[in-house]
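In each ligand, atom 1 is the first atom listed, and ligand 1 is the first ligand listed.
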Amino acid sequence: MIQTLATTPFDGQRPGTSGLRKKVPVFRQPRYVENFIQSVFDSLEGFAGKTLVVGGDGRFFNREAIATALRIAAANGFGRTVVGQGGLLSTPAASHLIRKRGAFGGLIFSASHNPGGEDGDFGIKYNIGNGGPAPEKITEAIYGCSRTLTRYLIEDLPAPHLDTIGEFRLGGMIVEIVDPVADYQALMETLFDFDRIRALFAGGFQITFDAMSAVTGPYAKRILEATLGAAEGSVINATPLPDFRGHHPDPNMVHAAHLFDLAMAAEGPDLCAASDGDGDRNLIIGRGLFVTPSDSLAVLAANAHVAPGYRAGIAGIARSMPTSQAADRVAAARKIPLFETPTGWKFFGNLLDAGLATICGEESAGTGSNHVREKDGLWAVLLWLDILAARRQSVAEIVRAHWTEFGRNYYARHDYEEVPAEGANALMAGLRDALPGLPGKRFGALTVAGADDFAYHDPVDGSDSSHQGLRILFEDGSRIVYRLSGTGTAGATLRVYIERFEPDPARHDLPTAEALAPLIALAGELAEIRRHTGRAAPSVIT
Ligand code: G1P
Ligand code: ZN
């Protein structure tokens, strides 16, 4: 029976770019999940009898939140929910299921790479029918509904057990529990030459893929080991755990430092890779060579045509503004457009839907294509494998050949985490005021060619986004970019992105810190980082 229960609004149920993210104890308050999900449905129209895809990254509270969501979806009139077995769906797999089933939308339960567990983070994100994150006008409507909510509708029958594959009735709605991997794997088999990758592994190629005790474990086990023949044990931390074994499921040089050490060993695997909590980020390290996400985007874009799914070539490349300009050189050489968007995957959706871009990427370990509307960690690993199998070269050989052909964009990101917001804002304001005076100025060997506060005009829907980061561009192609993080939870995080272009292959083997040293020093001086943040050095360098 459908119950209508009275409620009162909670403060702060405003979804960010990646949905509503809060600490687990906040989500566990009575009516908190109910209120938010009812607000999502109240902001939408026309879903009666339609399909909703539901799944999460398996973190603590995943099952409870999903059970509640199913009962609310049934009471609100959805005809069918498609749920990953055990409540699991990686974010890209959820995006694919929404598209494949022609669903009205989907609910993804995840806080991405944030820590999990009882005191960790939790999140709920709504994705629309194209499989991508809801645009701002929908997330703002959800927030609006959450502020005036007086009741929610809930089916008083219990939700079906999430572990049994099959169809179950919940009031007037069908709950279909599906294998979370099967459809995603079938999609990957259309994009990549699985026989060629199988032959690569049969020839002794070694991979270590760290699923970080998060959602990609079952996907990687099935695809890499069971289907493609990677040696058993190639996938480590393969069981999704509610607390990710107490680790931070973020595949970067800090939280996956052990993979770096493994890849640098003389007898290390040919490829070390990892994904994050919900499976959309990726880390790629070849034996002896870490591939920056910006370089990875450029290499994948330059070589994608070897994979069956991209044989016809790619229509265009899109990268977020702070991502290095390595991809721009590929786009120029191939005479295809390059789109420079603000930070965040949501800006790629329109370009992908319109067929303007095929491959997209961000410097923050996100790469993907038009196969779904989210970034996709395992997709990036499989495309690398297909390229390695086709070219019969090592990761290091492919990357070095790429630098020789296109030049090398030395690149680093310096994060100053949790600095006082006041100082961070003052730094940005001071620098913004100084921008008009910079062009033409010389700093040692560097001459400023241009400086601006990045703004984006979406060529598809005509929308404008301003204040997306401060750029200082130099005549030799070097660049310093400053922006404040939009995903932090405490204080402010200043991100400084530093890049230098080096065309000469004889100078492609410098340590990054050395290659960038003059720019790093200048980045500190121009923005007076020490004075504004009180920090002499960044907290994280990636
Ligand atoms: C960070 C990354 C950005 C990514 C986002 C969500 O955002 O920099 O590229 O899209 O997380 O994963 P930021 O904290 O910089 O706003
Ligand atoms: Zn993620």
Side-chain angles (χ1 to χ4, degrees), residues 15-19 21 55-59 89-95 108-116 121-125 127 132-133 211-212 214-216 219 240 244 248-252 255-256 274-283 292-294 296-297 318-324 340-349 360-368 372-380 411-419 421 424 428 454 456 465 467-470 481-497 538-540 542:
T17 39
S18 290
R21 264 188 216 174
D57 62 13
R59 65 180 59 228
L89 278 178
S90 76
T91 291
S95 181
I108 300 176
F109 294 78
S110 167
S112 190
H113 48 282
N114 294 5
D121 288 353
F122 194 75
I124 306 179
K125 180 164 95 161
N127 279 29
M212 305 192 95
V215 80
T216 50
Y219 293 83
F244 309 125
H248 206 123
D250 193 359
N252 63 24
H255 300 295
S275 191
D276 70 331
D278 63 328
D280 57 1
R281 293 189 173 195
N282 73 86
L283 172 72
T292 67
S294 294
S296 181
L297 170 66
R319 64 161 172 84
S320 65
M321 181 274 281
T323 304
S324 99
E340 185 175 36
T341 61
T343 295
W345 204 260
K346 64 177 177 174
F347 291 99
F348 296 139
C360 310
E362 293 197 272
E363 49 68 37
S364 53
T367 333
V372 289
R373 291 296 178 273
E374 295 274 7
K375 53 198 175 213
D376 189 344
L378 259 175
W379 169 90
Y411 185 84
R413 183 177 100 183
H414 288 199
D415 292 335
Y416 297 78
E417 292 177 333
E418 297 189 18
V419 298
M428 294 297 281
F454 181 65
Y456 178 63
S465 307
H467 302 304
Q468 298 295 325
L470 307 180
V481 172
Y482 304 81
R483 59 178 284 280
L484 299 184
S485 158
T487 59
T489 46
T493 290
L494 169 70
R495 302 202 197 283
V496 186
Y497 310 80
S539 19
V540 183
T542 48

Any heavy-atom pair between the side chains of [Y] and [X] that's under 4.5 Å?
{"X": "Y497", "Y": "R483", "result": "yes"}
{"X": "T343", "Y": "Q468", "result": "no"}
{"X": "R319", "Y": "T341", "result": "no"}
{"X": "T367", "Y": "K375", "result": "no"}
{"X": "Y219", "Y": "S90", "result": "yes"}
{"X": "R495", "Y": "L484", "result": "no"}
{"X": "T91", "Y": "K125", "result": "yes"}

Atoms in ligand 1 with a heavy atom of [X] nearer than 4.0 Å:
{"X": "K375", "result": "6 (C), 10 (O), 12 (O)"}
{"X": "R495", "result": "8 (O), 13 (P), 14 (O), 15 (O)"}
{"X": "E363", "result": "8 (O)"}
{"X": "R413", "result": "8 (O)"}
{"X": "G344", "result": "10 (O)"}

Do any nitrogen or oxygen atoms of [X] come within less than 3.5 Å of a nitrogen or oxygen of ligand 1?
{"X": "T343", "answer": "no"}
{"X": "S18", "answer": "no"}
{"X": "G486", "answer": "yes"}

How many angstroms lie between atom OG of S95 and atom CG of D280, to the nearest 0.5 angstrom?
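Going from the OG atom of S95 to the CG atom of D280 covers 10.0 Å.
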
Value rounded to 0.5 Å, distance of OG in S275 from CG in N282:
7.0 Å

Applying side-chain contact (heavy atoms from CB on, under 4.5 Å), run through S465 and F454 and close with a yes or a no.
CA-CA 9 Å; S465 307; F454 181 65; over 6 Å; no

Could you name the option among A365, G361, G469, S364 that has the heavy atom nearest to atom 3 (C) of ligand 1?
S364

Nearest heavy atom to atom 11 (O) of ligand 1 wins, so pick from R281, H113, K346, R483.
R281

F244: partners by ring-ring contact (aromatic ring centres under 6.0 Å, His included), with sequence neighbours left out
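Applying ring-ring contact (aromatic ring centres under 6.0 Å, His included) to F244 gives none.
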
What protein atoms of element N, O or S are positioned under 2.8 Å from the Zn ion (ligand 2)?
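Under 2.8 Å from the Zn ion (ligand 2) - ignoring waters, which are not counted - the protein N, O or S atoms are S112 OG, D276 OD2, D278 OD1, D280 OD1.
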
